[in-house]
Protein chains: 2
Amino acid sequence: MSSDGPITLSQVAREAGVSLATASRAINGSATRTVRADLRERVLEAARRLDYSPDPSAQAMARGRTAALGLVVHDISDPYFSAIAAGVAAAAEREGLIVTLASTGLRPARELAFVELVRRQRARAVILAGGRLLPDDGDPAHPSPAHPRSAVRHEGGTQEYRSRDDVPNGGTHGVAEAGALVQALETFRRSGGGVAVVGQAVGELPVVEIANAQGAADLARALHGLGYRRFGVLAGPLVHRTAVDRAEGFVGALHELGCEVVPEDVVACAFTRDGGYTAMAGLLARTEPALPELVFAVNDVMAVGAMAAVRDAGRRVPDDVAVAGFDDIHTLRDVTPALTTVHVPLERIGELATRLALGLDAGEDADTGRVTVQGEVVLRESTPPLPPR
Amino acid sequence: MSSDGPITLSQVAREAGVSLATASRAINGSATRTVRADLRERVLEAARRLDYSPDPSAQAMARGRTAALGLVVHDISDPYFSAIAAGVAAAAEREGLIVTLASTGLRPARELAFVELVRRQRARAVILAGGRLLPDDGDPAHPSPAHPRSAVRHEGGTQEYRSRDDVPNGGTHGVAEAGALVQALETFRRSGGGVAVVGQAVGELPVVEIANAQGAADLARALHGLGYRRFGVLAGPLVHRTAVDRAEGFVGALHELGCEVVPEDVVACAFTRDGGYTAMAGLLARTEPALPELVFAVNDVMAVGAMAAVRDAGRRVPDDVAVAGFDDIHTLRDVTPALTTVHVPLERIGELATRLALGLDAGEDADTGRVTVQGEVVLRESTPPLPPR
DNA sequence: CTGTTAGCGCATTCAG
DNA sequence: CTGAATGCGCTAACAG
């Protein structure tokens, strides 16, 4: 009764009066073999009586495969990632997998180490959430929108950008490091592990893509429809693919509407609340050109920072300047004025990524390894319709 | 070169021309045994050349112990938990442990299953974050504050409370289930695993306690000092220990100041944004008694919901009613008006819990298995000083 | 359908 | 100080 250490299968087998193999088959339900009903019942009964449960390590060892799923995020305390993580956790649980989490910060080496670990661990799959580097993840088959990269300049924002400690590289990788990561993932994949990345494509890996450019373009058109004509963009780091896609999608759509965003009104900054704050503060402080009517921050957290900067400057949103974001972070639902944004179903994205990585059905395009999730424009108080002038 | 499957130790041994045992000792640095320098170098070199890394499952098996740390939260997408998780992840990484995450929702059975899994997995430790049940976690040595439980009534809030789907039990356990959980944890602990709970004591388990009652009392005194005299409390679920401690600490301190909170102004509700919203809406809608001057919500998320309710009712914070919260959730730093709250260092708490669970130094009281973290009152715009009447 | 046996990769006895 | 042998708990051939 008080024998220490967990009960093993062989104890169950002995208790049930069967062989180890039979016990294993009864409890685990081997694929090919089957066990006579009465024997199985006896084994199950013994297992229950002894409060047996299998040793995951031993199973992993014997099977050559774990029931684990690796999840890599930059920062689990960031609501963007924690929402994705919630989706991953839910889907993983449904599949009977345990998730091992790595909150890697801005350290590519850490990501690499974790992927390597996950490979050695023979995890079922690994999911990579978070912004990759720009140069390395291009896909010839999916060129960026028709608007040249040069649509986003950083002249106006260089100073703010440089002034922040935490933005040495905007939270993305050096090219070499990204290459190593992709390679590690490919290796893992070749060895039978599932892989999915979230956000935008990385190499040829399966991806749950967020239609960043399109969402931003939709947003731009909607805002233009509200009467706005002079826009600014807090563009995030210039090397951050998601940030750039959003900024370009936004600027490009305006361009098509015959509404140009001047380079001075597009400022690079960190992909954080403080990045948004600082960049907006810069816009507010300068005298030339004048403050845009509306500033689009490429994510909600930045937008909230920007709104704080506006308040701290003694100005008001939306009276003095309207603000829009991207993501529709749930926790920020109640900021005032309510933030216009592009809703991104992060939790569902986490689930989709999990299913995709595991080779389960993940929607129509899943077999192509490329699932695209659309954002949805949500107009709220931070960008009221502009009266005709 | 392209042999599939990860490299094993014996391959390294062969490559280095030594025995398996020597390779193991060289790479792992066995405690007792030591390896001659040149041999060790040869092994290490071979390992590097072959890009060897150990199989965690095999190590776990041979050692009878994993390098994993289990983390149980109710909902990883809740900023409270994700902040704690960030601290846990950071500390775990520092100790070379991988963290396996369970986001258990409101399902005690799931928590139990996870703790069981973690035990079988022979994880190093498990950390439990999230509200336990009231009746089961009392500690005679630490009675609740001098204010009777009955200080919090639910007459005023029953209706709202009942009307919410997600509040069947406010996110806590049935007594029996909580008992089973505690028992599972004790078992795990007896078998050599480390345990820590976050928030408030559970049985005799090591705990990183948040000084909820005291923080709330400090807040009450500070607000009283600002001139407030009529208070309401959005008290959260009546069975939620953290919620009750905060509510009672608040009410009790006011009592000592000769300022009574009438039962009608204390409403129970879900421990969520919507819970706060609904409860506040109830206060706003009723005619008798009048709206309190200030409403204290027992956490920030609820407070933000409450502020939304105020706005939606066409009233204003703090002009019509002041609002205060608890936790100082980072993501909510920029809500307007800025929220008065009690700052709780969640990330550090996660680290402390990790260290405590692992038996590392976790501050002065760590050896007693009871580390207490103080909150700090932060007065902001949502509770301006009241002009003398 | 069931039982016997051989590893999975590694740490760790025990001999040498 | 090193090497050969044993076993962790389990699954998956392999016989019976």
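Computed from a predicted structure; not experimentally measured. Proteins get letters first, then strands, A, B, ... in listed order; numbering begins at 1 in each.
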Colleague: Name the residue closer to the 5' end of DNA chain D, choosing between B:Ser19 and B:Met61 according to the nucleotide with the nearest heavy atom.
Modeller: B:Ser19
Colleague: Figure out the CZ/C1' separation between B:Arg122 and D:dG9, and round it to whole Å.
Modeller: 10 Å
Colleague: Salt-bridge test for A:Arg124 and A:Glu95: reply yes if a basic N is under 4.0 Å from a carboxylate O, no otherwise.
Modeller: no
Colleague: In this structure, how many angstroms lie between the P atom of D:dC8 and the CD atom of A:Gln11, rounded?
Modeller: 11 Å
Colleague: Once you apply a heavy-atom cut-off of 4.0 Å, does B:Arg120 come out as touching a base, just sugar-phosphate, or nothing?
Modeller: sugar-phosphate
Colleague: Polar atom pairs between nucleotides 5-7 of chain D and protein, under 3.5 Å, N or O only, would you list them?
Modeller:
none

Colleague: Just so I know, are the side chains of B:Ile98 and A:Leu117 near enough to count as touching, which here means a heavy-atom distance under 4.5 Å?
Modeller: yes
Colleague: How many angstroms lie between CD1 in A:Ile127 and OG1 in A:Thr354, if you round to the nearest 0.5 Å?
Modeller: 3.5 Å
Colleague: Just wondering, do B:Phe81 and B:His74 contact through their side chains at under 4.5 Å, heavy atoms?
Modeller: yes
Colleague: To the nearest 10°, let me know how far the axis at one end of the helix from C:dC1-D:dG16 to C:dG16-D:dC1 is tilted from the axis at the other, five pairs an end.
Modeller: 40°
Colleague: Can you confirm whether the side chains of B:Ser53 and A:Glu116 place a donor and an acceptor under 3.5 Å from each other?
Modeller: yes
Colleague: Between B:Arg25 and C:dT12, is there a side-chain N or O to OP1/OP2 distance below 4.0 Å?
Modeller: no
Colleague: Could you tell me whether B:Arg48 and B:Glu45 make a salt bridge, using a distance below 4.0 angstrom between a side-chain N and a carboxylate O?
Modeller: yes
Colleague: Are B:Arg189 and B:Glu204 close enough for a salt bridge, meaning some N to O gap below 4.0 Å?
Modeller: no
Colleague: List the steps, then state whether side chain to side chain contact (heavy atoms under 4.5 Å, CB included) holds for B:Val73 with B:Leu101.
Modeller: CA-CA 8 Å; B:Val73 299; B:Leu101 172 74; 4.2 Å; yes
Colleague: Are OP1 or OP2 of C:dA11 and a side-chain N or O of B:Arg63 less than 4.0 angstrom apart?
Modeller: yes
Colleague: In this structure, how many angstroms lie between the P atom of D:dG9 and the CD1 atom of A:Ile27, rounded?
Modeller: 15 Å
Colleague: Can you check whether B:Thr22 reaches B:Arg40 side chain to side chain, under 4.5 Å on heavy atoms?
Modeller: no
Colleague: Could you tell me how far apart B:Arg65 (CZ) and C:dT12 (C1') are, to the nearest whole angstrom?
Modeller: 17 Å
Colleague: Of the residues in residues 41-60 of chain A, which ones touch DNA chain C at a heavy-atom distance under 4.0 Å?
Modeller: none
Colleague: A:Leu181 versus A:Val202: any side-chain heavy-atom pair under 4.5 Å?
Modeller: no
Colleague: To the nearest Å, give me how far apart CD (A:Gln121) and P (C:dG9) are.
Modeller: 15 Å
Colleague: Given C:dA11, is OP1 or OP2 found less than 4.0 Å from the side-chain N or O atoms of B:Ser24?
Modeller: yes
Colleague: Hey, does B:Arg120 have a side-chain heavy atom less than 4.5 Å from the side chain of A:Gln59?
Modeller: no
Colleague: Within the structure, does a side-chain N or O atom of A:Thr22 lie under 4.0 Å from either OP1 or OP2 of C:dT2?
Modeller: no
